[in-house]
Amino acid sequence: MDITFIISLIAAVTAGGVGGGLIHRQLAARRVGDADELARRIVEEARKEAQAQKKELLLQGQNDLFSQKKELENEFKERERDVKQRERKLEEMGGRLEEKLEKASARELDLLSAEKNLARKEKYLSETEIFLQQRIDEQEKKLMEIAGMSAEEAQKRLFDEIEARTRHESAKMIRQIEQDARETADRKARDILSNVIQRYAGDYVNEQTVTAVTLPSEDMKGRIIGREGRNIRAIEAATGVDLIIDDTPETVVLSAYSPVRRQVARMALERLIQDGRIHPARIEDVVKKCEQEMETQIREVGEQATFDAGVHGIAPEIVRLLGQLRYRTSFTQNVLQHSLEVSALCGMLAAELGLDIKKAKRAGLMHDIGKAVDHEVEGPHALIGADIAKKYNESADIVHAIAAHHEDVRPATALAVLVQAADAISGARPGARKELLENYVKRLEDLEGIATSFEGVTKAYAIQAGREIRVMVNSENVDDDATYMLCKQISEKIENDLTYPGQIRVTVIREKRAVGFAK
């Protein structure tokens, strides 16, 4: 707003406000003019600013286009280089393919030439074969005319002669080799076994299936029987043992197959007799206490057995099974005593042969643990014992030796054979085991029957309580080498068909006699 206008306006107001309306209109007109001027300047500034932003945007767009153009040019150059590189590789591959094609063509020509040569050779060979076959046929006809037999007959005769000669030579060779080995092995084995047997002297205890209990007087029999037999029935029911009360003075006989039950019954009966109070309730109480004591004794016996054998670190369950073997018999031989013998023999044999003594003793002591539970589990006691040993983390060698000591499993280690030998020594020594007369006679008959079943055998005699069999053969039908083969065959059949402790010696005798008379 103009300063002159303002001054004049002030003067007019001061003069008395004359012409107020005119002044108001002038002021309004003046304000409108100023607003138009302000709007014009704003529009002009906005137009200038818009033009500046437009130029800036144009410059920015030109820069973006230039950068995109540079990127596209670089990408195009890179692709062009890749294409050129691929073209060079393709040219190289094409050159190699051409070389290979040339080589293949040359090889094809060589093959064609070779095929032609092979065809000529095949034709020559076929012609030669036909010619040779004709010559062979002619020679065979001449030989058949000269020999008077067909080609099949001549071939069979030749094969028979070769087979007989080969069998004869192999028998001689086998006999010589085994004779040399036997001379050395037998001498060494006899030395070892004699030393071992001399070093060990075991006790022998004969076990029976009955136990006799001595009574203080004849009146005690009546008290044991009780009123109407109630006491004897209670004892038999509680123990599983039969009581035999007969005319034998001051004696009661306990009969049972299980030695453990007989021992419990004996302990209970002795305590009842000593106490004097014999009635069913008292009987049941005493039998339970005796069973608990028997369980304790079994564990103590097993621990003592491991101590005597010098074997340590055995699982408590196996120690208990060893204690049960104290009350188990085999051919009247106490199994625990037998196991201790086998353990000692195994240790001595291992010492002689330079093997692990501790492992041998351990295997020998546990080799018959399957007999402690063989009445509860089906199967051979050797395999049952092996399963028990495996269950309680015994080593694989021990498990195998237990399983193989009766040939239920083929022995594959020296330890298994060692346990077999010690078991045979313990069971076969004189007086160790007893057999029934019928079984003994039957085994002798079976031995002689096996020997006489072979062709060429005239007589057979089982001697030395069935531990040796002597076989007489016909010298006209069996020669020296066949005698040796016959001995091996009889031995194998005895091993397969019979069950026996120890070993059986087979002796085949061939005798040629010439008889003449002087007159």
Trainee: Going from OG on S339 to NZ on K371, what distance comes out if it is rounded to the nearest 0.5 angstrom?
Mentor: 8.0 Å
Trainee: Can you tell me how far the CD1 atom of I369 sits from the CZ atom of R328, to the nearest 0.5 Å?
Mentor: 13.5 Å
Trainee: Any chance you could lay out the salt bridge (charged side-chain N to carboxylate O under 4.0 Å, His left out) test for D82 and R86, step after step, and finish with the verdict?
Mentor: CA-CA 6 Å; D82 291 341; R86 290 180 182 179; 5.8 Å; no
Trainee: Answer whether the closest heavy-atom distance between the side chains of D497 and D446 falls below 4.5 Å.
Mentor: no
Trainee: Would you indicate whether the side-chain heavy atoms of I388 and V373 approach each other to under 4.5 Å?
Mentor: yes
Trainee: Closest heavy-atom contact between A403 and L383?
Mentor: CB-CD2, 4.1 Å
Trainee: Under the criterion side-chain contact (heavy atoms from CB on, under 4.5 Å), I'd like the reasoning laid out for D423 against H338: C-alpha separation, chi angles, the key distance, then a yes or no.
Mentor: CA-CA 8 Å; D423 184 44; H338 165 68; 2.7 Å; yes
Trainee: Are the side chains of Y327 and M294 in contact, using a 4.5 Å heavy-atom criterion?
Mentor: yes
Trainee: Can you tell me how far apart CD1 (I425) and CG (L349) are? Round to the nearest 0.5 Å.
Mentor: 5.5 Å
Trainee: So does R299 pair up with E303, basic N to acidic O under 4.0 Å?
Mentor: no
Trainee: What pair of heavy atoms forms the shortest contact from I504 to I494, and how long is it?
Mentor: CD1-CG2, 4.2 Å
Trainee: Tell me the closest heavy-atom pair linking G313 and R362, and the distance in Å.
Mentor: O-NH2, 3.1 Å
Trainee: Grab the two heavy atoms, one from I318 and one from A389, that are nearest each other, plus how far apart they are.
Mentor: CD1-CA, 4.5 Å
Trainee: Taking C-beta and beyond as the side chain, do R79 and F76 meet within less than 4.5 Å on heavy atoms?
Mentor: no
Trainee: Distance check, rounded to the nearest 0.5 Å: L90 atom CG versus Q85 atom CD?
Mentor: 11.0 Å
Trainee: Does the side-chain hydrogen bond (donor to acceptor under 3.5 Å, both in side chains) test come out yes or no for Q420 and E407, once each step is laid out?
Mentor: CA-CA 9 Å; Q420 270 190 341; E407 294 286 348; 3.0 Å; yes
Trainee: Is the shortest heavy-atom distance from the side chain of I402 to the side chain of M366 under 4.5 Å?
Mentor: yes
Trainee: Rounded to the nearest 0.5 Å, what's the gap from NE2 on H367 to CG on L365? Could you check?
Mentor: 9.5 Å
Trainee: Taking atom CD of E56 as the centre, report whether more than 12 heavy atoms of other residues, nucleotides or ligands fall under 6.0 Å from it.
Mentor: no
Trainee: Answer yes or no: does atom CD of E108 have more than 12 heavy-atom neighbours from other residues, nucleotides or ligands under 6.0 Å?
Mentor: no
Trainee: So for atom CD, which belongs to E73, do other residues, nucleotides or ligands contribute more than 12 heavy atoms lying within a distance under 6.0 Å?
Mentor: yes
Trainee: Minimum heavy-atom separation for I357 and A350, please, with both atom names.
Mentor: CA-CB, 4.1 Å
Trainee: Tell me, yes or no, whether the heavy-atom count around E129 atom CD, taken from other residues, nucleotides or ligands under 6.0 Å, exceeds 12.
Mentor: no
Trainee: Under the side-chain hydrogen bond (donor to acceptor under 3.5 Å, both in side chains) criterion, do D137 and Q133 qualify, and how do the steps go?
Mentor: CA-CA 6 Å; D137 293 340; Q133 188 62 41; 3.1 Å; yes
Trainee: Can you see which heavy atom on C346 is nearest to which on A360, and at what distance?
Mentor: CB-O, 3.4 Å
Trainee: Can we say E91 and R88 salt-bridge, meaning some charged N sits less than 4.0 Å from an Asp/Glu carboxylate O?
Mentor: no
Trainee: Under the 3.5 angstrom rule, does the side chain of N74 hit a backbone N or O of K70 as a donor-acceptor pair?
Mentor: yes
Trainee: Under the side-chain contact (heavy atoms from CB on, under 4.5 Å) test against V508, which residue among V473, V457, I469 passes?
Mentor: V473
Trainee: Indicate yes or no: does K69 engage E71 in a salt bridge with an N to O separation below 4.0 Å.
Mentor: no
Trainee: Quick one: do D387 and K391 make a salt bridge, cutoff under 4.0 Å?
Mentor: no
Trainee: Between the side chains of H400 and H405, does any donor sit under 3.5 Å from an acceptor?
Mentor: no
Trainee: Check whether any side-chain heavy atom of R81 sits under 4.5 Å from a side-chain heavy atom of K77, and report yes or no.
Mentor: yes
Trainee: Within the 4.5 Å heavy-atom criterion, are R326 and I298 side-chain neighbours or not?
Mentor: no
Trainee: Using a strict cut-off of less than 4.0 Å between a Lys/Arg side-chain nitrogen and an Asp/Glu carboxylate oxygen, indicate whether E448 and K459 qualify as a salt bridge.
Mentor: no
Trainee: Rounded to the nearest 0.5 Å, what's the gap from NZ on K361 to OG1 on T306? Could you check?
Mentor: 12.5 Å
Trainee: With no hydrogens and no angle check, do the side chains of D64 and Q68 hold a donor and an acceptor under 3.5 Å apart?
Mentor: no
Trainee: Under 4.5 Å between any side-chain heavy atoms of E80 and E78, yes or no?
Mentor: no
Trainee: Enumerate the salt bridge (charged side-chain N to carboxylate O under 4.0 Å, His left out) contacts for residues 305-323, please, sequence neighbours excluded, ordered by first and then second residue.
Mentor: E295-R320
Trainee: Just to verify, what does H406 make a ring pair (Phe, Tyr, Trp, His ring centres under 6.0 Å) with, not counting sequence neighbours?
Mentor: H381
